[in-house]
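Here is the structure we will look at, set down as structure tokens.
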Amino acid sequence: MRADEATVRRLASRRGACVLHHGSSGILADQNLSPTVGVLMATFNGAAHCEDQLLSLLWQRDVDVHVYVRDDGSQDETSAIVARLARRFPDRITVIDGGGIRTGSATGSFFALLQGIDLTQSDYVAFADQDDVWMPDKLCQAIASMAAHRADGYSSDLIAYHRGDNAVWMLHKAGKEAELDYLFQGGSAGCTYVLSAKAAELVARVMAKVPPLCPGASHDWIVYAICRSYGLTWFRDPGAGILYRQHASNLYGARRGWRDVLAKLRLTRSGWYRDHILWLRHVIAGGGDELRVLDAIERGGAADRWWLIRHATRFRRTAQGVQQLRAALLSRAV
């Protein structure tokens with residue numbers, strides 16, 4: 001067995017068997033029925049990996065999965081591969097026609113899918129990237145965790161791997177929840193997210209009324225912000241159910257060490273981070289200190305920055321994240 005495969009199997013073995021407790025978090029009252037999950041998959045020039053991903057979605061245990069795929073104008077064989085699998089599994093894969101409209105991003109496609117499907121057909125909704133591989137218990141573990149914690153939103157850590165480099169490593173995304181972390185970061189990678197029907201309908205309803213997305217908008221962050229702002233409970237799982245494939249065409253890779261720090265620094269200094277925070281004004285409920293935080297960032301005065309620095313532990317989940325935010329505020333990068 002190759003070294004990367006052995007490590008993946010060892011990490012995967014840490015996950016226990018699924019136990020779907022039927023209760024108030026949306027799991028069906030009839031224990032003879034499996035929960036239904038609508039998986040939203042955005043594709044673009046993903047022919048190299050999308051078939052592996054689609055099959056891993058269909059192989060999920062103890063849940064009834066239906067995959068909704070929207071392509072954003074691929075110029076390779078992606079659409080043909082998806083169409084072939086949809087013909088093979090007509091009751092489990094639906095291709096959503098974008099009507100020739102390109103959103104220009106996976107985020108745009110995901111929100112178009114949320115608006116374009118009948119959410120009442122699913123007990124849960126999940127997001128899937130086109131190039132990962134899901135472990136067979138990814139969804140049932142998520143749903144069991146949501147039931148146990150009475151949560152409407154779920155995210156988790158990931159197992160990143162790069163076949164060319166023969167490397168596998170854990171991406172720890174959980175951290176201890178901070179009061180207003182959703183104004184400054186997402187819950188994890190969006191491909192780990194599972195939403196209850198209640199949460200999915202809330203996100204769709206809020207997003208139906210917003211202006212155009214900000215450049216480089218992150219659905220991971222926006223979905224998390226909406227759910228947390230409107231008072232829904234979110235569970236972050238320290239386990240991992242996704243093999244997060246790394247390759248040259250990744251939009252957002254799983255950088256490590258100083259590469260990660262430098263990439264975040266460049267992104268912050270570009271103004272993207274500040275612009276994204278301020279755009280969240282369109283989707284949050286506006287309660288508590290939410291608007292005070294956004295107003296302070298928008299004004300950017302010395303007193304505003306000092307207030308934000310003093311309250312930074314309310315905004316980020318880890319000590320490193322707090323330090324990075326404070327540094328960005330001091331240097332006026334945010």
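Keep in mind the model is a prediction, meaning the values are calculated, not measured.
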Original post:
Taking only residues two or more places apart in sequence, or in another chain, which ones meet Tyr68 in a ring pair (Phe, Tyr, Trp, His ring centres under 6.0 Å)?
Top reply: His66

Subject >> Exercise: do Glu290 and Ser229 side chains pair donor with acceptor under 3.5 Å >> reply: yes

Original post:
Honestly curious: do Ile101 and Phe44 fall in one hydrophobic cluster under the side-chain, below-4.5 Å linking rule?
Top reply: no

Subject >> Thr43 versus Asp71, side-chain donor and acceptor atoms under 3.5 Å >> reply: yes

Original post:
Do Arg317 and Glu177 meet the salt-bridge criterion of a basic N to acidic O distance under 4.0 Å?
Top reply: no

**OP:** Apply side-chain contact (heavy atoms from CB on, under 4.5 Å) to the pair Arg150 and Thr233, showing each step before the final yes or no.
**Re:** CA-CA 7 Å; Arg150 297 183 179 275; Thr233 300; 6.0 Å; no

**OP:** Could you tell me the separation between the CE atom of Met207 and the CG atom of Leu202, rounded to the nearest 0.5 Å?
**Re:** 11.5 Å

Original post:
Going by atom types only, do Arg236 and Ser155 share a side-chain donor-acceptor pair under 3.5 Å?
Top reply: no

**OP:** Go through the steps to decide whether Lys173 and Ser156 satisfy the test side-chain contact (heavy atoms from CB on, under 4.5 Å), and finish with yes or no.
**Re:** CA-CA 7 Å; Lys173 296 284 190 176; Ser156 73; over 6 Å; no

**OP:** From the options Val168, Thr192, Leu171, select the one residue that forms a side chain to side chain contact (heavy atoms under 4.5 Å, CB included) with Tyr244.
**Re:** Leu171

**OP:** Determine whether Val293 and Trp307 make a side-chain contact, defined as any pair of heavy atoms from C-beta on separated by less than 4.5 Å.
**Re:** yes

Subject >> Test: Asp131 and Arg245 ion pair at under 4.0 Å >> reply: no

**OP:** With rounding to the nearest 0.5 Å, note down the distance linking OG in Ser196 to CG in Asp123.
**Re:** 10.0 Å

Original post:
Taking NZ, NE, NH1 and NH2 as the nitrogens, is one of them in Asp295 or Arg281 under 4.0 Å from a carboxylate oxygen of the other?
Top reply: yes

Original post:
Roughly how far, to the nearest 0.5 Å, is the CZ atom of Phe110 from the OG atom of Ser218?
Top reply: 10.5 Å

Subject >> Interatomic spacing from CG in Leu158 to OG in Ser188 - rounded to 0.5 Å >> reply: 5.0 Å

Subject >> Ion pair Asp181/Arg228, N-O distance below 4.0 Å >> reply: yes

Subject >> Close side-chain approach of Phe127 to Leu195, heavy-atom, < 4.5 Å >> reply: yes

Original post:
How many angstroms lie between atom CG of Leu180 and atom NE2 of His311, to the nearest 0.5 angstrom?
Top reply: 10.5 Å

Original post:
By ring pair (Phe, Tyr, Trp, His ring centres under 6.0 Å), which residues pair with Trp234, not counting sequence neighbours?
Top reply: Tyr193, Tyr224

Original post:
Distance from Asp91 atom CG to Thr94 atom OG1, nearest 0.5 Å?
Top reply: 9.0 Å

**OP:** Could you tell me how the ring of Phe111 sits relative to the ring of His219: parallel (under 30°), tilted (30 to 60°) or perpendicular (over 60°)?
**Re:** perpendicular

